[in-house]
Amino acid sequence: MKKPDFIQRIKSREHKAFRELVGLYQKMVLNICLGYLHNPADAEDLAQDVFLEIYNKIDSFRSDAKLSTWIYRITVNKSLNFIRNNKKEKTNLSLVPDNDGEGIGLQIPVDKQEQIDYKIESSERKKRMDIAIDSLPENQRSAFVLNKYDDKSYKEIAEIMGLSLSSVESLLFRAKQNLQKKLLECYKNLNS
């Protein structure tokens with residue numbers, strides 16, 4: 001199946017072609033939404049909204065661009081709009097500081113009480129991480145989410161965000177630095 005034919009079939013409102021499009025991009029869209037919203041139910045709802053917008057705006061798609069890039073941009077924009085419009089507390093990412101407080105590692109619970117304690121602590125860590133990610137400037141957050149949640153390469157992120165490769169490298173470097181500072185500060189405040 002040639003892409004221009006596929007896109008034309010979607011523009012012609014052929015339901016089978018649209019189902020194929022959803023099948024091809026559903027996981028990608030859901031991962032991006034989840035990366036921004038940190039809530040599976042909200043991410044699923046937003047992913048449905050994304051596909052509805054794709055269906056309604058497919059005529060505005062220019063075939064000189066990549067379909068995946070266009071879908072990414074819609075997904076990121078809808079995710080950011082959702083966050084702006086729904087200032088909710090979000091949870092989902094788990095990192096644990098090492099014993100020396102310098103790095104990040106994982107702790108494996110052993111008995112039932114440790115598992116309960118771990119779940120409580122893990123939930124708090126998730127909240128702190130989500131707050132740190134959400135506090136990043138918009139471009140840093142977008143680059144970080146695309147890289148860490150959707151495993152996109154720097155080159156793919158540059159294409160999606162319409163930036164140079166060096167700009168993406170700089171954004172990700174600054175995002176990681178900012179996250180590290182925010183998380184270390186948060187953990188120091190908890191231990192003092």
Side-chain angles (χ1 to χ4, degrees), residues 1 3 6-7 18-54 61 65-84 88 90-98 103-108 122-123 125-184:
M1 162 182 6
K3 275 202 173 201
F6 178 62
I7 293 168
F18 191 74
R19 280 195 304 272
E20 290 175 33
L21 176 108
V22 171
L24 288 170
Y25 294 102
Q26 185 173 19
K27 183 177 179 186
M28 174 189 80
V29 168
L30 189 57
N31 283 340
I32 294 169
C33 292
L34 190 57
Y36 277 94
L37 306 183
H38 315 297
N39 178 305
D42 287 343
E44 288 176 14
D45 289 345
L46 189 61
Q48 289 178 7
D49 289 346
V50 167
F51 284 108
L52 184 61
E53 183 158 336
I54 291 167
F61 173 70
K66 283 181 73 173
L67 183 61
S68 61
T69 302
W70 185 70
I71 292 172
Y72 267 108
R73 287 188 180 141
I74 290 173
T75 307
V76 168
N77 288 337
K78 292 213 52 93
S79 296
L80 292 172
N81 288 337
F82 182 91
I83 291 167
R84 284 185 201 109
K88 288 184 182 177
K90 302 165 228 39
T91 58
N92 208 8
L93 193 55
S94 179
L95 299 175
V96 180
D98 285 340
I104 296 176
L106 296 174
Q107 176 184 2
I108 300 172
S122 179
S123 175
R125 282 191 301 275
K126 289 175 188 178
K127 288 178 188 176
R128 286 190 288 273
M129 183 64 170
D130 293 341
I131 289 168
I133 290 170
D134 291 344
S135 71
L136 291 173
E138 190 173 299
N139 275 349
Q140 288 181 26
R141 181 175 51 196
S142 293
F144 184 81
V145 167
L146 288 170
N147 182 250
K148 298 301 177 193
Y149 285 88
D150 207 35
D151 295 325
K152 292 296 172 198
S153 70
Y154 287 22
K155 183 179 177 183
E156 290 170 314
I157 295 168
E159 185 178 308
I160 290 164
M161 294 181 70
L163 299 171
S164 69
L165 190 58
S166 61
S167 294
V168 170
E169 290 170 351
S170 177
L171 281 174
L172 284 169
F173 178 77
R174 289 193 315 260
K176 291 172 188 174
Q177 278 188 321
N178 286 336
L179 284 173
Q180 185 177 22
K181 284 179 193 173
K182 290 173 191 294
L183 291 171
L184 287 175

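Each residue takes its place number in the sequence, starting with 1.
For V145 against G35, the heavy-atom pair with the smallest separation is CG2-O, 3.7 Å. In terms of heavy-atom proximity, V168 sits nearest to Y154 at CG1-O, 3.9 Å. Minimum interatomic distance between V29 and F51 (heavy atoms only, all atoms of both residues): CG2-CZ, 3.8 Å. The two residues S68 and Y25 come nearest to each other via the heavy atoms CB-CE2, 3.7 Å. The two residues C33 and A47 come nearest to each other via the heavy atoms SG-N, 4.0 Å.
Expressed to the nearest 0.5 Å, how far OG of S164 lies from CG of L171 amounts to 9.0 Å. Rounded to the nearest 0.5 angstrom, I133 CD1 and R141 CZ are separated by 9.5 Å. Atom CG of L21 is separated from atom CD1 of I7 by 9.0 Å, given to the nearest 0.5 angstrom. A distance of 10.5 Å separates CG of L179 from CD of Q177, quoted to the nearest 0.5 Å. If you take CD on Q26 and CZ on R19, they are separated by 13.0 Å, rounding to the nearest 0.5 Å. Once rounded to the nearest 0.5 Å, the distance linking CD1 of I32 with OG of S142 reads 10.0 Å.
No hydrogens or angles considered: nothing links the side chains of S166 and E169 as a donor-acceptor pair under 3.5 Å.
Within the 4.5 Å cutoff, the side chain of L146 has no heavy atoms near those of the E156 side chain. Contact of the I157 side chain with the L172 side chain is registered, since non-hydrogen atoms from C-beta on lie closer than 4.5 Å. Contact of the I54 side chain with the V22 side chain is not registered, since no non-hydrogen atoms from C-beta on lie closer than 4.5 Å.
Every residue meeting the side chain to side chain contact (heavy atoms under 4.5 Å, CB included) condition with K27, not counting sequence neighbours, appears here in chain and number order: N31. Scored by the side-chain hydrogen bond (donor to acceptor under 3.5 Å, both in side chains) test, N178 finds Q140 as partners (sequence neighbours excluded). Taking the ring pair (Phe, Tyr, Trp, His ring centres under 6.0 Å) definition, one finds that F61 meets it with W70, sequence neighbours left out. Partners of D45 according to the side chain to side chain contact (heavy atoms under 4.5 Å, CB included) rule, which considers only residues two or more places apart in sequence or in another chain, do not exist here. For S135, the side chain to side chain contact (heavy atoms under 4.5 Å, CB included) partners two or more places apart in sequence, or in a different chain, are K182.
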Contacts under 3.5 angstrom, residues 72-83 side chains, donor-acceptor by atom type, not counting sequence neighbours:
unit_1 : atom_1 : unit_2 : atom_2 : d
Y72    : OH     : D150   : OD2    : 2.4
Y72    : OH     : K152   : NZ     : 2.8
R73    : NE     : I160   : O      : 2.6
R73    : NH2    : E159   : O      : 3.0
R73    : NH2    : I160   : O      : 3.1
T75    : OG1    : I71    : O      : 2.8
N77    : ND2    : R73    : O      : 3.2
K78    : NZ     : E53    : OE1    : 3.1
S79    : OG     : T75    : O      : 2.9
N81    : OD1    : R84    : NH1    : 2.8
N81    : ND2    : N77    : O      : 3.3

